Amino acid sequence: MHLPDETAARTAELVVRGFRDVPDFPEPGVVFKDITPLLADPAAFGAVTRVLADLATATGADAVAGIEARGFMLAAPAAERAGVGFWPVRKAGKLPPPVLRRDYALEYGSASLELAASAVRPGARVLVVDDVLATGGTARAACELLEEAGAHVVGLVVLLELAFLNGRAGLGDRAVVALHTQD
Ligand SMILES: O=P(O)(O)OC[C@H]1O[C@H](OP(=O)(O)OP(=O)(O)O)[C@H](O)[C@@H]1O
Ligand SMILES: Nc1ncnc2[nH]cnc12
């Protein structure tokens with residue numbers, strides 16, 4: 001899974017311009033990467049979701065999964081543009097039973113994700129989308145849930161990877177594309 005060079009350069013620039021750094025949020029020492037400027041810019045938002053949709057098509061994905069909450073904002077329009085289904089991976093306590101659940105740690109705390117196994121067609125190919133890959137705890141939990149439900153994760157796409165937190169290390173040999181990487 002990769003992007004053509006020209007597309008990669010163009011979308012990386014949109015990500016650089018579209019994220020805002022917020023020091024010491026949500027806790028001291030964390031530089032929070034705020035995606036709201038990109039979402040508020042229709043040209044940038046449209047271009048990025050087009051790239052995500054093209055990756056879904058190129059990987060032969062039957063569905064795009066988004067991780068609540070910021071992942072939903074990217075994955076749902078990408079799925080619609082690609083003409084495939086959207087599968088929500090939700091924070092715990094939101095979905096009615098039966099659900100599959102994973103507890104995980106992220107850069108600033110710990111949480112739990114849940115998936116309605118009935119939404120997943122066993123054997124289906126799914127592309128996972130989120131805004132930020134930091135420690136990778138969130139993305140790994142989402143991939144593991146989808147795989148437990150019987151899906152084949154064709155890859156993970158994030159807009160921004162914080163490479164110094166080494167999130168890829170916990171993702172095994174799953175394909176990962178970051179539209180922009182910060183070292
Ligand atoms: O790589 P990690 O260290 O696991 O962190 C990445 C995750 O953290 C953020 O979500 P957050 O839990 O803050 O939730 P939100 O999308 O509801 O804001 C972000 O949207 C990713 O899902
Ligand atoms: N620094 C960060 N900014 C935004 N989202 C995050 N998720 C984990 N770390 C993050």
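All of these numbers come straight from a predicted model, not from anything done at the bench. Just so you know, these numbers use all the heavy atoms, side chains as well, and skip hydrogens, waters and symmetry mates. Whatever order the structure lists them in is the order used to number ligands and atoms, beginning at 1.
In this structure, the protein non-hydrogen atom closest to atom 3 (N) of ligand 2 is Lys33 N, 2.8 Å. Scanning all protein heavy atoms for the shortest distance to atom 6 (C) of ligand 1 gives Val132 O, 3.4 Å. Looking only at heavy atoms of the protein, atom 13 (O) of ligand 1 is closest to Tyr108 OH, 2.6 Å. Counting only heavy atoms of the protein, atom 7 (C) of ligand 1 lies nearest to Thr138 OG1, 3.4 Å. From the protein, the heavy atom lying nearest to atom 9 (N) of ligand 2 is Glu107 OE1, 2.5 Å. With hydrogens left out, the protein atom closest to atom 21 (C) of ligand 1 is Asp130 OD2, 3.1 Å, a heavy atom. In this structure, the protein non-hydrogen atom closest to atom 7 (N) of ligand 2 is Tyr108 OH, 3.2 Å.
In this structure, the side chain of Glu114 engages the main chain of Gly93 through a donor-acceptor pair within 3.5 Å. Side-chain atoms of Asp62 come within 3.5 Å of backbone N or O of Arg125 as a donor-acceptor pair. Remark: the backbone N or O of Ala53 is not paired with any side-chain donor or acceptor of Arg81 at under 3.5 angstrom. No donor-acceptor distance shorter than 3.5 angstrom exists from the side chain of Lys33 to the backbone of Phe19, with no hydrogens or angles considered.
The proximity of Leu162 to ligand 2, defined as any non-hydrogen pair under 4.0 Å, is limited to the side chain. With a heavy-atom cut-off of 4.0 Å, Leu106 touches ligand 1 through backbone and side chain alike. Using a 4.0 Å cut-off between heavy atoms, Asp131 contacts ligand 1 through its side chain alone, with no backbone atom that close. The side chain of Lys91, and not its backbone, has at least one atom closer than 4.0 Å to an atom of ligand 1 (non-hydrogen atoms only; side chain from C-beta on). Within the 4.0 Å heavy-atom criterion, the part of Arg70 lying near ligand 2 is the side chain and not the backbone.
When the heavy atoms of Leu113, Thr135, Val89, Leu171 are ranked by distance to atom 3 (O) of ligand 1, first place goes to Thr135. Comparing Met73, Lys33, Glu68, Arg70 against atom 10 (O) of ligand 1, the shortest heavy-atom distance belongs to Arg70.
Of the residues listed (Thr57, Val157, Leu156, Val153), the one engaging Leu127 in a side chain to side chain contact (heavy atoms under 4.5 Å, CB included) is Val157, and it is the only one.
Under the 30°/60° scheme for interplanar angles, the aromatic rings of Phe32 and Tyr108 are found to be tilted.
Polar contact check, Val31 against ligand 2: a nitrogen or oxygen pair lies under 3.5 Å apart.
For CZ of Arg90, the number of neighbouring non-hydrogen atoms (other residues, nucleotides, ligands) closer than 6.0 Å is greater than 12.
Proximity to Glu107 (heavy-atom distance under 4.0 Å) selects the following atoms of ligand 1: 3 (O).
Placement of Phe45 and Leu14 within a single hydrophobic cluster is found when ILVMFWY residues are connected by side-chain heavy-atom separations under 4.5 Å, directly or transitively.
Side chains of Leu74 and Ile35 form a contact here, defined as non-hydrogen atoms less than 4.5 Å apart. Looking at Arg174 and Val128, their side chains never come closer than 4.5 Å, going by heavy atoms from C-beta outward.
For the pair Arg10 and Glu6, the salt-bridge criterion is not met [side-chain N within less than 4.0 Å of a carboxylate O].
Within the 4.0 Å heavy-atom cutoff, Gly136 counts among the residues contacting ligand 1.
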